[in-house]
Amino acid sequence: MSFSTSVKTEIMKNVPETRCCAAAMLYGLLLGGRSFSAASIELVSEKKAVVQFAKELTRRIFGEMMRTYSIERQNAAGHSLYSFRIVDPDDIQQILLFYGHAGQEVSLRIQRQCFLCTECRRHFLAGAFLSMGRVTNPQKEYHLELTSSRRGLMGDLAEEFRRIGWQPKVSRRGNVNLLYFKDSKEIEEVLVAVGAPMKSLEVMNVKIYKDIRNQVNRLTNCETANIDKTATAAAGQTADIEYILEKRGEDFLGEELLLAARLRLENPEASLNQLMEVCPPGISRSSLNRRLAKIRELAKKLREEEGNNGQ
C-alpha cells in the first residue's frame, strides 16, 4: 500500500458523526469528481475504497432511495478505474440544490454557506483530498498536492486552506491546476486536519530521523575534514624539521625549538592536543604551537636561500 493510499484509508476511518460535517465531506468528494452538473454527478478514482466510501456517504446524507451505481473499467495504461455515478435527474437535482448549485455553472465554485459549523471546512477539505489529492512518501520527499482541471475550484480551495492558516502554492501544468505543499510542518498539520493524525506522526518521525542523520553526516564530515587538516599540518611540520636537520643540524634550532621538533618527529601523526599530552610540564599549548610555527618559518627561509643560491 502506498503512503498516499494509507493516508486516505485513515481519513475514511474518521467519518464525522455530525450530519453537517459528513455532508461537507461528501461535498468535497463530489465537487472534486469528474462531473458535478445537471447532466451527471460522477466520481472516478483508482481507489475502489474511495468510490465505495462516497457511495455510502451519499446514502447516509440523502437516504437509501438515492439511485447510484458503480462500475469498473480499464484506463489506457491497463489500470483499473472505479466510477461512482448518479444519473437520475431527480437525484442529481436534489444534490445540487442541497449544496446550492444550479448545475449549469460555467465555473464550478465552492458554496461556503454549506459549512454550517466550525468543523465543516476541514471535513470538506478531507473529502476534496480523497477525490483530488495525493501525498508522497516522506522517505522520498515532502509533497502533498490536490489537482483539478477546474481553475476556479482550485482557487477557492487555496483560499479555504488559507482561511485555516496555511499557505499552499498554486501552479498549472498543461490543463491541470495544482495546489501543493512542500513544507513538512504544513503537511503534518494538513494531515491532522483532514483526519490522518497517525500518518502525520509518521511524517514527523521521518523528519526527525532525517534531521538526526544529516546532523551525524555533518559532524562526520567535519571530523574527517579536521583529521585531514591535522594530518596535512603534521606531515608538513615533519618535512620542515627533517629539512632543517639535514641542512643545518640540531644546533641550528636551539633548545626550545629542538624540543618541539623532537616531539613532532616522535609523534608524526599526532594533533597539537595529542602532542600536549606527551609534552614536558611548563609548556603551554600556545607556546608549543608558536615553536612549531617558528620552525616552519625557518624551513621556508632556508628553502628560499637554497633556491637563490642555486640560481
Side-chain angles (χ1 to χ4, degrees), residues 7-8 11-12 14-16 18-45 50-51 53-54 57-58 60-62 66 84-86 91-135 144-173 175-181 186-187 189-196:
V7 167
K8 293 185 178 184
I11 290 172
M12 289 184 289
N14 293 317
V15 185
T18 58
R19 187 174 187 274
C20 66
C21 289
M25 192 174 198
L26 177 62
Y27 186 34
L29 264 164
L30 299 180
L31 206 59
R34 171 171 290 180
S35 63
F36 190 80
S37 68
S40 72
I41 295 175
E42 181 180 16
L43 171 67
V44 176
S45 176
V50 171
V51 167
F53 180 75
L57 204 54
T58 299
R60 172 183 167 183
I61 302 302
F62 295 101
M66 178 67 64
F84 162 68
R85 301 185 68 189
I86 301 170
D91 291 340
I92 292 172
Q93 191 64 21
Q94 181 184 352
I95 292 174
L96 292 174
L97 288 175
F98 181 84
Y99 289 117
H101 290 266
Q104 305 296 333
E105 292 90 348
V106 175
S107 177
L108 198 58
R109 310 301 291 268
I110 297 172
Q111 301 300 311
R112 293 186 175 92
Q113 68 269 21
C114 296
F115 306 151
L116 303 182
C117 78
T118 56
E119 293 297 306
C120 282
R121 178 171 279 105
R122 71 179 188 89
H123 288 296
F124 168 81
L125 293 175
F129 180 81
L130 288 175
S131 58
M132 295 185 282
R134 72 177 187 89
V135 57
L144 183 150
E145 71 175 24
L146 289 87
T147 61
S148 173
S149 60
R150 302 183 179 105
R151 180 175 294 183
L153 175 60
M154 293 306 287
D156 286 353
L157 270 175
E159 179 59 27
E160 294 306 317
F161 279 106
R162 293 187 189 105
R163 285 170 181 257
I164 294 179
W166 302 305
Q167 297 300 320
K169 295 178 175 61
V170 292
S171 65
R172 188 172 175 85
R173 186 190 303 137
N175 295 324
V176 178
N177 301 282
L178 294 91
L179 178 157
Y180 62 94
F181 296 90
E186 284 194 319
I187 292 174
E189 293 175 351
V190 170
L191 291 179
V192 171
V194 299

Minimum side-chain heavy-atom gap [X]-[Y] below 4.5 Å:
X      : Y      : answer
Ser45  : Val51  : yes
Leu125 : Val190 : no
Glu189 : Ile164 : no
Arg85  : Arg34  : no
Ser171 : Tyr180 : yes
Val170 : Met154 : no
Leu31  : Arg150 : no
Ile61  : Phe98  : yes

How many angstroms lie between [atom1] in [X] and [atom2] in [Y], if you round to the nearest 0.5 Å?
X      : Y      : atom1 : atom2 : result
Leu130 : Leu29  : CG    : CG    : 5.0 Å
His123 : Arg121 : NE2   : CZ    : 12.5 Å
Ile92  : Ser37  : CD1   : OG    : 7.0 Å
Leu26  : Phe62  : CG    : CZ    : 6.0 Å
Lys169 : Glu186 : NZ    : CD    : 7.0 Å
Leu179 : Leu153 : CG    : CG    : 10.0 Å

Closest contact, heavy atoms only, [X] versus [Y]:
X      : Y      : answer
Ser131 : Gly28  : OG-O, 3.4 Å
Val7   : Leu191 : CG1-CD2, 3.7 Å
Ser148 : Met132 : CB-SD, 3.8 Å
Thr58  : Ala54  : OG1-O, 2.7 Å
Ala126 : Val194 : CB-O, 3.3 Å
Met25  : Pro16  : SD-CD, 3.6 Å

*Is the count of non-hydrogen atoms from other residues, nucleotides or ligands lying under 6.0 Å from Arg173 atom CZ greater than 12?*
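Check fails, neighbour count at 12 or below.
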Can you tell me if [X] uses its side chain to pair, donor with acceptor, with the backbone of [Y] under 3.5 Å?
X      : Y      : value
Glu145 : Leu178 : no
Ser35  : Glu42  : yes
Asn177 : Arg172 : no

*With sequence neighbours excluded, residues passing ring-ring contact (aromatic ring centres under 6.0 Å, His included) with Phe124*: Tyr27, Phe115
*CA sep, side-chain torsions, deciding dist, call: Leu157, Phe129, side chain to side chain contact (heavy atoms under 4.5 Å, CB included)*: CA-CA 10 Å; Leu157 270 175; Phe129 180 81; over 6 Å; no
*When the ring planes of Phe36 and Tyr99 are compared, do they come out parallel, tilted or perpendicular, using 30° and 60° as the limits?*
tilted
_Would you call the rings of Phe181 and Trp166 parallel, tilted or perpendicular, taking 30° and 60° as the class edges?_
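If you compare the ring of Phe181 with that of Trp166, the planes turn out perpendicular.
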*I would like to know whether Cys120 and Cys114 meet side chain to side chain contact (heavy atoms under 4.5 Å, CB included); could you show each step before the answer?*
CA-CA 8 Å; Cys120 282; Cys114 296; over 6 Å; no
_Between His101 and Leu108, is the side chain to side chain contact (heavy atoms under 4.5 Å, CB included) condition met? List the steps._
CA-CA 9 Å; His101 290 266; Leu108 198 58; 3.8 Å; yes
